[in-house]
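Structure, as structure tokens:
These numbers come from a predicted model, not from an experiment. Keep in mind that the numbers below use all heavy atoms, side chains included, and drop hydrogens, waters and symmetry copies.
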Amino acid sequence: NWILSKISILYLYEDLKFLRIYMDEKVVWSAGGVIIENNKALICYRKKENLFCLPKGTPEKNESIQETAIREVSEETGIYPKIIKDLGQINYEFVGLDNQSRYLKKTIYKKTVYFFLMTQNGGSIENHDEEFDEVVWMSIQNAKEKLTYKDEFSILEKAFHAKYKK
């Protein structure tokens, strides 16, 4: 079974290398943030996909990374954020599919997501936009279990460390 798994992975890898030759590549980015208050982080939840994630999104025309992060966190959470510290980035690749209107089919996207530690500067989670069903304050332990994208948990850990290190 183990050998069969390794062979399957090898064939998949070789198939993907072959496919890359026939696919376009695009580099894209988005930005977001982590807001922590009283040892809890702000997490966005979308019921339809059972998606738990950090607030983030794509830039509008001529927006900087920081401007995008502030706007997206504000829209998605209802909180007016202020950037405190750069938390780094997550990098990954994906292929555009038929049912994704914003991404071209048969295109490999190389995406970077930039994250910042933020603080509240007013606003209320009651005023979040319609992109998510709920915005909730969650302990780091609960977030570890719930976050859909595990790379986001490493960003969350960095945020807690940066906020509470003495």
Side-chain angles (χ1 to χ4, degrees), residues 25-97 99-105 107-166:
E25 285 190 357
K26 287 194 175 289
V27 175
V28 294
W29 63 270
S30 61
V34 180
I35 299 176
I36 300 170
E37 296 293 333
N38 301 315
N39 284 312
K40 293 186 176 184
L42 212 46
I43 305 294
C44 299
Y45 173 65
R46 186 177 302 130
K47 189 181 291 186
K48 179 181 174 185
E49 301 160 41
N50 195 32
L51 172 74
F52 290 88
C53 65
L54 296 173
K56 62 190 172 297
T58 56
E60 292 183 353
K61 189 175 182 178
N62 298 321
E63 256 184 345
S64 70
I65 292 168
Q66 292 84 357
E67 289 167 336
T68 300
I70 289 168
R71 179 185 50 75
E72 286 289 342
V73 170
S74 179
E75 289 174 359
E76 293 181 357
T77 67
I79 298 294
Y80 308 134
K82 179 181 175 189
I83 292 176
I84 298 173
K85 181 177 175 39
D86 185 340
L87 292 173
Q89 61 201 47
I90 295 171
N91 297 290
Y92 61 94
E93 294 182 7
F94 64 94
V95 176
L97 302 174
N99 61 349
Q100 295 177 320
S101 59
R102 95 164 75 166
Y103 299 110
L104 300 172
K105 291 186 283 187
T107 300
I108 297 172
Y109 289 87
K110 295 182 175 206
K111 187 163 189 175
T112 300
V113 185
Y114 300 93
F115 284 99
F116 300 90
L117 177 60
M118 298 175 160
T119 189
Q120 283 192 64
N121 202 20
S124 168
I125 61 173
E126 305 302 320
N127 297 325
H128 70 87
D129 68 10
E130 299 299 315
E131 188 170 343
F132 292 97
D133 298 299
E134 290 180 67
V135 177
V136 295
W137 291 102
M138 198 176 284
S139 70
I140 190 167
Q141 189 56 42
N142 199 12
K144 183 177 185 176
E145 296 167 11
K146 297 278 190 183
L147 280 173
T148 302
Y149 308 118
K150 297 310 169 197
D151 285 349
E152 288 189 2
F153 183 70
S154 65
I155 294 292
L156 190 59
E157 282 183 315
K158 284 182 188 178
F160 269 87
H161 180 73
K163 176 142 180 134
Y164 293 114
K165 73 176 182 184
K166 299 289 182 202

State the [atom1]-[atom2] distance between [X] and [Y], to the nearest 0.5 angstrom.
{"X": "Phe115", "Y": "Asp86", "atom1": "CZ", "atom2": "CG", "answer": "11.5 Å"}
{"X": "Glu60", "Y": "Thr68", "atom1": "CD", "atom2": "OG1", "answer": "7.5 Å"}
{"X": "Lys85", "Y": "Leu117", "atom1": "NZ", "atom2": "CG", "answer": "8.5 Å"}
{"X": "Asn91", "Y": "Lys111", "atom1": "CG", "atom2": "NZ", "answer": "11.5 Å"}
{"X": "Leu42", "Y": "Cys44", "atom1": "CG", "atom2": "SG", "answer": "6.5 Å"}
{"X": "Ile65", "Y": "Thr112", "atom1": "CD1", "atom2": "OG1", "answer": "8.5 Å"}

Study note, to complete from the structure: residues 46-71 vs ring-ring contact (aromatic ring centres under 6.0 Å, His included), sequence neighbours excluded, gives Tyr45-Phe52

**Study point:** Where Phe153 and Ile140 come nearest, the two heavy atoms and their spacing
**Key:** CE1-O, 3.6 Å

Exercise for review: Of all the heavy-atom pairs spanning Ile155 and Gly88, show the shortest one and how long it is.
Suggested key: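 Taking every non-hydrogen atom into account, CD1-C, 4.4 Å.
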
Point to revise | Tyr114 vs Ser30 side-chain heavy atoms within contact, under 4.5 Å | key: no

Review point. Taking C-beta and beyond as the side chain, do Val34 and Phe160 meet within less than 4.5 Å on heavy atoms?
Key: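 No; the side chains remain at least 4.5 Å from each other.
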
Check your understanding: If only atom types and distance count, is the side chain of Glu152 paired as donor or acceptor with the main-chain N or O of Leu54 below 3.5 Å?
Key ->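 Confirmed, Glu152 side chain pairs with Leu54 backbone.
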
Check your understanding: Can you tell me if Tyr92 uses its side chain to pair, donor with acceptor, with the backbone of Asp151 under 3.5 Å?
Key -> no

**Study point:** Which residues share a side chain to side chain donor-acceptor pair (under 3.5 Å) with Ser154, sequence neighbours left out
**Key:** none

Point to revise | Asn38: side chain to side chain donor-acceptor pair (under 3.5 Å) partners, not counting sequence neighbours | key: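 Side chain to side chain donor-acceptor pair (under 3.5 Å) check on Asn38 returns nothing, list empty.
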
Exercise for review: Any pair with a residue in residues 31-54 that passes salt bridge (charged side-chain N to carboxylate O under 4.0 Å, His left out), sequence neighbours left out, goes on the list, sorted by first then second residue, please.
Suggested key: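 Listed by first then second residue: Arg46-Glu49, Arg46-Glu131.
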
Which donor-acceptor pairs under 3.5 Å do side chains of residues 70-81 form with protein atoms, sequence neighbours excluded?
unit_1 : atom_1 : unit_2 : atom_2 : d
Arg71  : NE     : Glu63  : OE1    : 3.2
Arg71  : NE     : Glu63  : OE2    : 2.7
Arg71  : NH1    : Glu75  : OE1    : 3.3
Arg71  : NH1    : Glu75  : OE2    : 3.4
Arg71  : NH2    : Thr58  : O      : 2.8
Arg71  : NH2    : Glu63  : OE1    : 2.9
Glu76  : OE1    : Lys56  : N      : 3.0
Thr77  : OG1    : Val73  : O      : 2.5
Thr77  : OG1    : Ile79  : N      : 3.1

Study note, to complete from the structure: Sequence neighbours excluded, the answer for side-chain contact (heavy atoms from CB on, under 4.5 Å) partners of Glu126 is Ser124

Point to revise | Test applied, side-chain contact (heavy atoms from CB on, under 4.5 Å); reference residue, Met118; option that passes from Ile83, Leu87, Ile84 | key: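 Answer after filtering Ile83, Leu87, Ile84: Ile83.
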
